[in-house]
Amino acid sequence: MKVTVVGTGYVGLVVGTCFAETGHTVRCIDIDEDKVASLNEGKLPIYEPGLEELVHRNLEEERLTFTTDLEGAVADCLCVYLCVGTPRKETGEADLSFTLTAAEQVARAMTGYRVIVNKSTCPLGTAKKLDELIGGITSHPYDVVVNPEFLRQGAAVDDFMRPDHVVIGSDDVRVQEIMKELYAPFVRTGKPILVMDIRSAELVKYATNAMLATRISFMNELANICEAFGGDITHIREGLAADSRFGTSYLFPGLGYGGSCLPKDVSALAHIAKDKGLKCDILDAVGVVNERQKDMFVERILGFYGDDIGKKRIAIWGASFKPKTDDLRDGPSLKLIDALIKKGSEIVVYDPVAGPRVRDRYGDKVTIAEKNYDALQDADGLAVVTEWNEFRRPDYSKMASLMREKVIFDGRNIYTPDMMKELGFRYFSIGRQAV
Ligand SMILES: NC(=O)c1ccc[n+]([C@@H]2O[C@H](COP(=O)([O-])OP(=O)(O)OC[C@H]3O[C@@H](n4cnc5c(N)ncnc54)[C@H](O)[C@@H]3O)[C@@H](O)[C@H]2O)c1
């Protein structure tokens, strides 16, 4: 099948490449000329494990091309995937301008029947809007389908290749068959393709992210209760995880969720519900608790050093919002770095892949260390922000010998208080007693 993917970001690049990997002819479009040029040279603009090899193979075998020529690509395909960004506006609602512009461009370029698949996360009613917009521009036949994406950055290729489920929002049997044909190679182990009405398909993506965010905020709130009363959140998590009614995922406390999806999707869902006159107390609270958790971590560090914070050198391990990605968007590291810059602290950041993005954002206000231990040289404290594997079992004596003050603020609970005590570190984690 010939597939055009509009938007070659974290989602579009993975989707297009994985479709090409199963034999389809895929053209990925982006308005960013530099991105397209570097992709055509096989250089990836993002870090995503396993993706580079797939891009290279499919480029070489000419199943995958990158171009800015949307018109040409749409003129010669059956399916057009919209994978552009839907960022959060200041008001909290989803910014649909990229989606609407892309749909308009697609409509103008159509030369015959097309299946237009919206993969971007968009509020209920967007597919209808797209339908009306496209219908007002083109006289060619088309169908609009909603096919939300559930991949996780850091595991995106695997998630797309082996999804738990695929959601297709369409009432048209012929379109459903085209979509099933596209996804057949990915669900051979019997994972379900859930066909539903368009509005439910739009909502199920928001519901998923809101559920994940709720679990995280719930655990963070419990963690704070543990700290106040002397419990240990690790045991609370173990108790919940052992109960088959709950499952084990997303029960880890931390310094708040970030990324391009959870924060914006929770607020976008609340926004559309409120527009309908509904109350969204749970969603509102989830967002509030999350921001408070990020603030709590920052305040803990500032509070520890008091008025001396401006004279301190603080090392930060991990800047990406989660491991195995270089994405900083809405990550807890940003609040911490912003606050430390404001206080005049010296900041040294080490992240296995996100260093260049931190440099792009902060310039010379922050030093980027090339290696994890380099960041610790003469540091007055270490903040662990992202739980990259290489931080989990470091050489503690080397850490102690490099640091000026042996203080660790562990936002991911990757070390144990007992061990930290034995090693002589001052140690602050989430939902456990300070050492
Ligand atoms: N990132 C994730 O993990 C994830 C997971 C599931 C769903 N989603 C959703 O998928 C959508 C895309 O997210 P993303 O993280 O890939 O965004 P992104 O910002 O990484 O990529 C979007 C890309 O679209 C391009 N673009 C914008 N307008 C365009 C146009 N008119 N024509 C061609 N290209 C255009 C941009 O240049 C950019 O490269 C969002 O709605 C997001 O909520 C994201």
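What you are looking at is a predicted structure, and each value in this text was computed from that prediction instead of being measured. Worth knowing before you read on, the calculation uses all heavy atoms, side chains too, and leaves out hydrogens, waters and symmetry mates. Atoms within a ligand are numbered from 1 in the order they appear, just like the ligands themselves.
For the 3.5 Å distance criterion, the side chains of Asn372 and Trp317 fail to qualify, holding no donor opposite an acceptor.
Checked by atom type and distance alone, the side chain of Gln176 pairs as donor or acceptor with a backbone atom of Ser170 at under 3.5 Å. Panel note: side chain Asn209, backbone Asp265; no donor-acceptor pair is recorded below 3.5 Å. Between the side chain of Arg199 and the backbone N or O of Gly169, no donor-acceptor pair lies under 3.5 Å. Between the Thr25 side chain and the Arg63 main chain, no donor and acceptor come within less than 3.5 Å of each other.
Phe19 and Tyr183 have their aromatic ring centers within a separation under 6.0 angstrom.
A heavy-atom cutoff of 4.0 Å around ligand 1 is satisfied by the protein residues Val6, Gly7, Thr8, Gly9, Tyr10, Val11, Ile29, Asp30, Ile31, Lys35, Cys83, Val84, Gly85, Thr86, Phe98, Ala102, Gln105, Ser120, Thr121, Glu149, Leu151, Gln153, Lys205, Ser260, Cys261, Lys264, Arg329.
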